[in-house]
Student: 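First the structure, then my questions, so here it is.
Model, not experiment: these values are computed from the prediction. Each chain gets a letter, A, B and so on, in the order its sequence line appears, and its residues count up from 1.
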Amino acid sequence: MMTKQSDDVIVKTLSRLLIPFMQIYALYVIAHGHYSPGGGFQGGVILGASLILLVITYGLDNALRKMSEKLNTILCSTGVFIYAGIGALCLVLGGNFLDYAELDPILHVGIAQARSLGILGVEVGVGITVMAAMASIFLDIATGGLPSSKEKNIQGKRA
Amino acid sequence: MIWQLDLILCLFIIICAIAAINVKDLLAAVIILGAYSFFMCLLWTEMGAVDVAFTEASVGAGVGTVLFIAAVSKTKRRSKD
Amino acid sequence: MKVIALIAVIMTGALLIYGVEDMPGWGDPNSPASSYVSPQYIQEATEKTATPNIVTAVLADYRSYDTMGETVVVFTAAIGCILMLRKKRNGEGG
Amino acid sequence: MADQFAALIIVVPLIASLFVPVFGWWKKKLCYPWVVAVLVIPLISSLSVLNTVMTTGKFSYRLGGWAPPWGIEYMLDHLSAFVLVIVSSISLIVAIYSKKSVEDNLPEKTVPFYTLFLLLVTGLMGIVITGDVFNLFVFLEISALSCYALIAIGEEGAPMATFNYIIIGTIGACFYLLGIGYLYIATGSLNMADLANILPDLYHSKVILVAFAFFTVGLAIKAGLFPLHTWLPDAYCTAPSAVSALIAPLMTKVAAYVMIRLMFTVFQPNFSVNMVPVMPILGWLSVMAIFWGGIKALAQTDLKRMLVYVVVAEVGYIVIGVSVANRMGLTGAILHIMNDAVMMACLFLVVGAILYKTGTREIHQLRHLNKKMPFTMAAFTITALSMCGIPPACGFFSKWYLILGTIEAGQWVWAAALLCSSLINAVLFFRVIECAYLKPMEPAYALNGGETKHEEIQRDEAPLTMLVPIVIMAAGVILLGIFSGKIISSVIQFAVPASF
Amino acid sequence: MLDYVISKYNFWIYIILMMIGLYAMIGKKNLVKKLIGMNVFQSAIILFYVSIGVKAGATVPILSGHGHGHEAIDVASYINPLPHVLMLTAIVVSIATTGIALATLILIYRKYNTLEEDEILKIRKETGA
Amino acid sequence: MEVTILVQATDESFEILEKARERSRDVLDIAARLTSESQSVQRKRVEAIFKGARQTKTEITRFAATFIILFGSWLLLSGHYDLFHISIGVLCCGLVSHATHDLLFANPRAGDMRVIVKRFITYIPWLLYQIVLSNMHVVRLALGPRNLLDPKIIQFKTKLESDISMVTLANSITLTPGTITVDIRDGVYYVHAVSKKTAEDLMTGEMEDRIAHIFMEADHVYVQDTLDMAPVFVALK
Amino acid sequence: MDVLYSSRPLWAVLVSMIAAFLILATGEKNRNIRESWTIMAALAKFLIVFSMVPVILQGKVIEYTIVTFYPGLLLQFRIDAFGMLFGVIASSLWIATSFYSIGYVRGLNEHAQTRYFFAFAMCLSSTIGIAFSANLLTFLVFYEILTIATYPLVIHKESKEGIMGGRKYLAYTLTAGCVLLFAIGMIYYMTGTLDFKAGGFMAGSGSSTVLIMLFAMLIFGFGVKAGIMPMHEWLPTAMVAPTPVSALLHAVAVVKAGVFGCLRVILYVFGPGLLHDLGIWLIMAYIASFTIVVAGFLALGQDHLKRRLAFSTINNLAMIVLGAALLTKSSMTGGIIHMANHAFMKITLFFCAGAIHVKMHKDYVSQLDGLGRQMPLTMGAFAIGAIGLSGIPPMSGFISKWFLCLGALEANQIIFLFVFMTSAMLDVAFFFPIIYNSFFKKPMDDVAPHFDEAPMFMVIPLVITALLSIVFGIVPDAFFRFFSLTSLAVQNIMGVG
């Protein structure tokens with residue numbers, strides 16, 4: 001199954017080496033969404049893919065030690081919260097919802113730059129959510145939502 | 001816009017789509033779907049939609065395929081049609 | 001079922017093909033889609049949001065409400081999968 | 001400041017839903033009070049929006065501060081404010097109700113359940129409030145996805161029903177998306193008000209025609225209109241009671257709302273009615289829906305399944321009101337969106353309470369329920385009467401306007417269908433009422449002696465968190481009927497397009 | 001006629017793809033196949049939108065020179081960004097739907113031990129559920 | 001005087017080294033067998049990676065190394081060198097290296113990075129040369145008589161220990177036309193070779209030795225290191 | 001016409017509705033309190049209604065608007081003479097019925113008494129609503145409430161027949177309700193108004209075919225409750241209900257509401273003039289005559305006392321309709337006044353049947369031999385009621401029949417005179433044997449007859465109603481001013497038409 005630790009040295013090692021670069025690339029994509037294709041969503045997916053790769057190669061238990069499900073879920077809502085929170089902050093500051101121009105009084109960088117920063121903040125939120133969500137969906141589908149030991153029992157019974 | 005490339009890509013896309021829904025081995029079908037997504041994103045790049053292509057590459061050909069594979073590996077691999 | 005599918009498909013297809021006839025030509029710079037709303041994005045987005053990638057500017061600023069919806073969709077899917085599948089894993093619950 | 005309430009309607013439940021997982025992490029029990037407390041705010045906000053709309057007329061709210069065709073705006077007119085109030089109040093009521101049902105059936109899944117509950121509410125309100133066709137699609141999907149997940153955790157057979165729902169629902173949503181695409185290619189705009197301005201010049205374009213066709217089909221799927229309803233009965237029936245009490249009243253109604261919105265706001269009535277032959281088709285389909293739903297409902301022995309088929313028939317009512325395309329009919333349709341939402345909510349709440357208390361939904365096992373659960377059954381009876389169109393319950397009034405509409409349109413068969421449907425409803429519901437109140441199994445009553453033997457049946461009423469919403473809804477059924485005149489004269493008559 | 005067909009070939013392609021997807025969604029019995037069809041269907045729609053955005057002789061909508069240039073921006077030289085924006089959202093929606101559908105699929109498999117629609121219907125009929 | 005003492009000492013040390021080498025070869029053989037024989041050892045090592053059961057000092061160095069590498073790649077990617085983007089880069093690299101420092105440098109036996117990098121760079125031309133050679137061989141096979149083709153799967157046991165070296169070997173084998181690494185299981189390579197010659201070339205073990213040299217592994221480490229050190233000592237003499 | 005705005009009509013309707021909920025709240029445990037609600041509400045209602053009579057007799061109308069939906073579409077009360085007449089009948093008889101009911105249900109120790117009184121009060125509430133309705137919509141609203149409120153009474157016994165009877169009742173009345181809804185919608189669409197207007201408001205609003213169809217629908221809708229012949233089937237079946245219910249059904253609320261509706265349609269919606277022009281009055285009259293004769297013959301064949309009374313009701317109601325359908329001044333007067341007279345006489349008869357049932361547990365005509373000596377008061381009242389219904393002076397029935405016959409003559413339709421005559425003969429034929437047997441025949445079981453009356457709660461009401469039917473025969477305008485109200489109503493109609 002996909003959530004057991006892989007036996008293949010090649011895969012394991014390569015993914016071990018690849019994951020940090022994937023992640024830095026993902027973050028780059030998020031941070032440079034302003035200038036090049038990409039943004040929170042794509043970056044988030046790549047981040048999520050790196051987590052998925054971790055699960056596939058090193059097994060669920062090892063991966064969970066790095067990123068527990070609880071943390072994952074909370075990250076997932078944190079991302080949306082960042083997004084909606086920035087929007088609500090604009091609301092609080094007296095503008096319309098998601099009107100980043102209203103952030104200027106806090107940031108003191110000029111309206112265009114404030115909008116740019118608002119976009120960045122929002123993209124970060126999207127990235128976090130998408131990453132956590134992708135990982136979480138994958139985990140749930142790949143394990144069937146059950147702990148690996150239990151899953152084995154069920155499989156045994158089927159056969 | 002190079003129409004030859006376009007044509008080839010479109011051809012591949014249609015072949016992949018038909019193959020994906022007709023192959024009886026689900027794992028193969030899913031992989032073909034991944035290929036389909038990939039060709040699709042090439043086509044989009046070629047149409048100038050780089051952002052969309054990027055997203056499709058990471059989602060359709062990437063995570064989507066992985067999710068499909070996970071689900072197929074959890075269930076049956078053979079299909080009757 | 002197959003017959004129904006075929007009929008549905010052919011009907012939909014016919015409708016779509018019927019609609020294509022009146023569409024502006026492919027890549028026509030004067031088509032409504034290219035000439036009504038989008039030019040202003042191209043002209044002013046970078047200036048107003050300091051973001052050269054217009055897609056990003058539109059995505060995360062002009063139509064950021066859409067994008068928030070999109071994020072919520074992903075969140076919904078994640079929570080939905082948790083709701084449907086996840087059982088308690090030894091002492092650790094989502 | 002008043003118009004910022006519009007933003008709160010979406011933002012509050014959304015942000016609140018994000019906190020539910022956190023609460024779940026900390027203390028599970030906090031979820032319920034949190035959800036209930038939070039849902040009060042959209043209700044207040046939407047009431048205030050309705051108030052603003054009623055006093056100062058329609059207004060829009062620009063998200064991100066961008067001017068409409070470029071940015072997204074909320075479109076707040078009488079129609080959307082009205083439906084918003086319905087959605088927010090019913091979701092609040094169902095949230096109050098959900099406590100026991102969730103604790104009982106899904107003790108492990110409280111946290112994701114409430115998260116999705118709030119997201120579903122967010123999605124529904126987002127659909128109603130938005131003034132942008134694409135944004136509508138996004139919120140349509142939010143509500144649909146949360147709905148899928150919530151249904152799938154229901155009883156036996158729920159996953160398969162959900163899967164069918166997903167497939168058909170996605171086709172519907174995609175058709176809608178395709179419709180947007182066709183509109184966009186022809187106009188270049190996505191804003192509803194803007195489209196309404198641009199479209200009249202393009203009415204003869206085939207693209208617009210196809211777009212309209214896809215909108216109609218897509219929304220008919222989402223609303224569960226007759227030949228496209230096949231996903232609906234199984235999905236609604238197998239869902240957990242708290243969920244079906246939320247989606248049965250709201251999902252199809254919101255889709256019907258979108259249908260009205262598109263047909264009469266985005267497209268002009270002039271186009272929808274005169275230039276495409278869609279209205280008669282929809283009308284006849286809804287006639288079939290009414291009969292089919294009624295007959296299928298008659299064949300059921302399971303109370304909830306029966307109600308689900310009634311939902312199919314009720315969708316027919318609303319669509320008939322839309323398709324007669326005159327002032328009376330549309331008034332009836334809009335009024336029926338509200339009435340049907342309230343009635344269906346009440347009925348499904350009652351079924352949930354019965355299931356919770358007695359563990360059965362079979363109609364013939366409901367004997368003596370009037371003694372066991374007098375208030376619940378009273379609520380059921382009131383709503384049932386309303387469904388049969390007995391005044392002063394609200395069902396009568398919407399039916400009245402619908403019939404006026406059909407008469408005005410000269411569609412006698414449609415009128416007959418509406419009338420027959422209330423008779424079918426009478427048969428349906430009196431069957432249940434007889435079972436619950438009377439003792440038909442006992443031997444013929446001896447003419448000479450009064451009955452003396454009374455089985456002592458303990459009263460075993462549903463818990464208060466269930467009972468209060470039920471009673472509120474039942475009271476609502478009566479009150480909305482009594483005040484329907486007020487509602488029509490102050491809200492609905494402005495929601496109907498002026499050209500009628 | 002031929003000119004007409006060729007000049008709009010991208011629309012034909014998308015229609016063909018959509019039909020393939022739609023057919024799989026309705027006609028195929030295997031549930032995974034239905035989902036594959038769903039994905040094909042959705043990406044066909046995305047293709048349609050992307051086609052809307054295409055502008056002959058234009059380039060990707062990313063301004064060079066960091067956007068501080070004060071010279072007038074030539075609208076005709078950049079592709080319409082709006083469809084791309086919409087489609088980003090649509091792709092996300094499609095993957096989310098797929099995720100939920102796959103989760104449902106696993107629930108179904110757990111219950112019926114098969115993913116063929118007709119077999120499931122048979123089992124349901126037998127158990128009377 | 002001092003020089004003679006030094007030379008004597010060197011001679012002695014050479015003897016000691018020789019002895020130590022022989023002894024260590026035995027020990028390492030046993031260790032390698034153990035390593036390769038039991039999968040659990042492998043697993044334990046991986047688990048050790050994630051448990052983070054290592055000293056803080058290596059932790060910090062590893063973090064720093066990861067950070068530097070990642071930041072380098074960030075700078076390569078970014079193309080925006082203003083303060084804002086650099087600081088974002090620092091932040092991101094910090095985050096990622098915090099999360100993944102135990103992944104990039106997982107092997108506790110990893111030697112001196114500078115040496116490894118230097119040797120790896122020198123290895124690449126050789127590999128390219130090999131690739132060219134075997135390319136020509138394969139071309140000859142393809143064009144020549146059929147009987148030269150003799151596809152088969154060969155297996156050999158490796159003396160490499162760290163996974164990184166094993167992977168490098170496997171990839172090198174695969175990169176070389178005519179041979180493909182099918183699997184590595186319990187330290188045994190299963191390689192598909194297209195002809196007898198390619199198989200024989202592989203079995204000479206040159207590639208393996210070179211890779212062991214790069215990563216300073218197996219007994220080769222000591223032999224080669226001693227050999228590398230010898231000129232120094234000679235010069236000193 | 002002077003219009004007086006007052007909320008009294010609303011209170012007249014609400015008072016028993018409030019009482020209904022008080023009854024429900026009080027419940028089974030405090031019977032006395034519960035029944036005191038009933039009686040108090042009955043008295044209060046009567047007082048409120050009666051207090052408005054003088055105003056009406058001055059030629060004014062009382063109006064109260066509940067709510068307006070769209071122009072011409074509103075819930076409104078407007079009391080004219082005709083409505084007042086019905087209101088007075090219903091509210092005055094409710095007092096009698098409530099006393100009688102208390103005696104009846106206690107005498108039989110009935111189950112579900114709370115529900116019984118609740119439904120009873122709701123029935124009355126809606127009946128008054130019907131009486132006071134200003135337009136067809138309001139009429140329909142209360143008409144439907146009445147339908148539903150009566151259902152628990154019909155099925156009260158919860159026996160198989162009861163439930164079957166209830167189903168039949170619902171099937172007939174709800175279908176009728178639907179037809180009405182449609183017809184009323186049509187009328188609104190055609191005329192833009194639904195207000196009752198003396199002499200009708202439909203003239204010239206549509207082609208004669210449409211008008212005839214509408215008329216047929218409306219008469220069908222109201223005729224179901226009024227038991228006009230092809231639609232009468234539910235009425236005898238509903239006889240399984242407790243006797244006070246039958247009394248209420250037949251004499252006071254339900255069927256009277258149907259007849260009231262028919263009369264409203266004939267006189268206030270279409271109007272005599274239009275009906276005459278369309279020529280459907282004759283068809284209507286024939287249908288009514290058919291009902292009269294056939295119901296009379298069917299009544300002869302019934303052995304079950306209440307069923308016999310039920311057919312008698314059908315017979316008499318048709319007479320009222322016939323009176324209206326003849327469209328002459330006298331016939332209308334006769335028809336309208338017969339509503340009142342029949343109510344008092346028929347309720348007496350039902351009360352008697354109930355008393356017999358409670359006391360003797362006898363339900364069949366053939367069992368009543370010699371009962372007159374045991375229950376002289378009851379059987380005496382029965383005799384008065386029966387004689388009155390046969391149209392023998394000095395009972396009130398004579399007056400109505402007299403006017404009806406006059407009307408037939410005025411209309412130059414001698415055939416209807418014969419119908420009335422036949423009907424009178426039939427009445428005699430099916431009532432006199434009962435009277436004769438009970439007073440002059442020996443009881444079947446040879447027990448020496450002794451005085452053994454039903455409880456006072458039951459006897460007093462029936463004696464009073466019997467006496468009143470004599471009084472109305474002698475002084476038609478006594479107490480309740482029925483005659484004045486009737487002539488006022490007829491004046492209004494004829495004055496315009």
Student: Between Thr46(C) (side chain) and Ile42(C) (backbone), is there a donor-acceptor pair under 3.5 Å?
Tutor: no

Student: Sub-3.5 Å donor-acceptor pair from the side chain of Trp231(D) to the main-chain atoms of Ile221(D), do we have one?
Tutor: yes

Student: With a 4.5 angstrom heavy-atom cut-off, is it the side chain or the backbone of Leu178(D) that approaches chain C, or both, or neither?
Tutor: side chain

Student: Taking every non-hydrogen pair under 4.5 Å, which of Leu116(D), Thr162(D), Leu14(D) racks up the most with chain C?
Tutor: Leu116(D)

Student: With a 4.5 angstrom heavy-atom cut-off, could you sort out which part of Phe175(D) is near chain C: side chain, backbone, both or neither?
Tutor: side chain

Student: Sort Asn191(D) into side chain, backbone, both or neither according to what part of it lies under 4.5 angstrom from a heavy atom of chain C.
Tutor: neither

Student: Quick check on the interface: out of Gly65(D), Pro69(D), Gly64(D), Ala152(D), who has the most heavy-atom pairs with chain C under 4.5 Å?
Tutor: Pro69(D)

Student: Please look at Leu119(D) and chain C and tell me whether the side chain, the backbone, both or neither of the residue comes under 4.5 angstrom of a heavy atom of that chain.
Tutor: side chain

Student: Using non-hydrogen atoms and a 4.5 Å limit, figure out which bit of Ser31(C) sits close to chain D: side chain, backbone, both or neither.
Tutor: neither

Student: So which part of Phe139(D) gets closer than 4.5 Å to some heavy atom of chain C, the side chain, the backbone, both or neither?
Tutor: side chain

Student: Does any backbone or side-chain atom of Tyr182(D) lie under 4.5 Å from a heavy atom of chain C? Answer side chain, backbone, both or neither.
Tutor: side chain

Student: What option among Val207(D), Ile72(D), Val138(D), Ile153(D) has the most heavy-atom pairs under 4.5 Å with chain C?
Tutor: Ile72(D)

Student: Thr187(D) side chain to Ile198(D) main-chain N or O, any donor-acceptor pair under 3.5 Å?
Tutor: no

Student: Would you please say whether a donor-acceptor pair under 3.5 Å links the side chains of Tyr65(C) and Glu73(D)?
Tutor: no

Student: Please flag which part of Glu21(C) lies under 4.5 Å from any non-hydrogen atom of chain D: side chain, backbone, both or neither.
Tutor: side chain

Student: Determine yes or no for a side-chain-to-main-chain donor-acceptor pair under 3.5 angstrom, with Thr51(C) supplying the side chain and Asn53(C) the backbone.
Tutor: no

Student: Kindly check if the number of other-residue, nucleotide or ligand heavy atoms within 6.0 Å of NZ (Lys29(D)) is above 12?
Tutor: no

Student: Can you name the residues that form a ring-ring contact (aromatic ring centres under 6.0 Å, His included) with Tyr203(D), not counting sequence neighbours?
Tutor: Phe271(D)

Student: Do you know which of Ser189(D), Ala158(D), Pro159(D), Gly71(D) has the most heavy-atom pairs with chain C at a distance under 4.5 angstrom?
Tutor: Ser189(D)

Student: Pick one of side chain, backbone, both or neither for Trp70(D), based on which atoms fall under 4.5 Å of a heavy atom in chain C.
Tutor: both

Student: Check the orientation of Tyr61(D) and Tyr74(D). Use parallel for under 30°, tilted for 30 to 60°, and perpendicular for over 60°.
Tutor: parallel

Student: Does any backbone or side-chain atom of Leu120(D) lie under 4.5 Å from a heavy atom of chain C? Answer side chain, backbone, both or neither.
Tutor: neither

Student: Would you please indicate if the ring centroids of Phe214(D) and Tyr176(D) are separated by under 6.0 Å?
Tutor: no

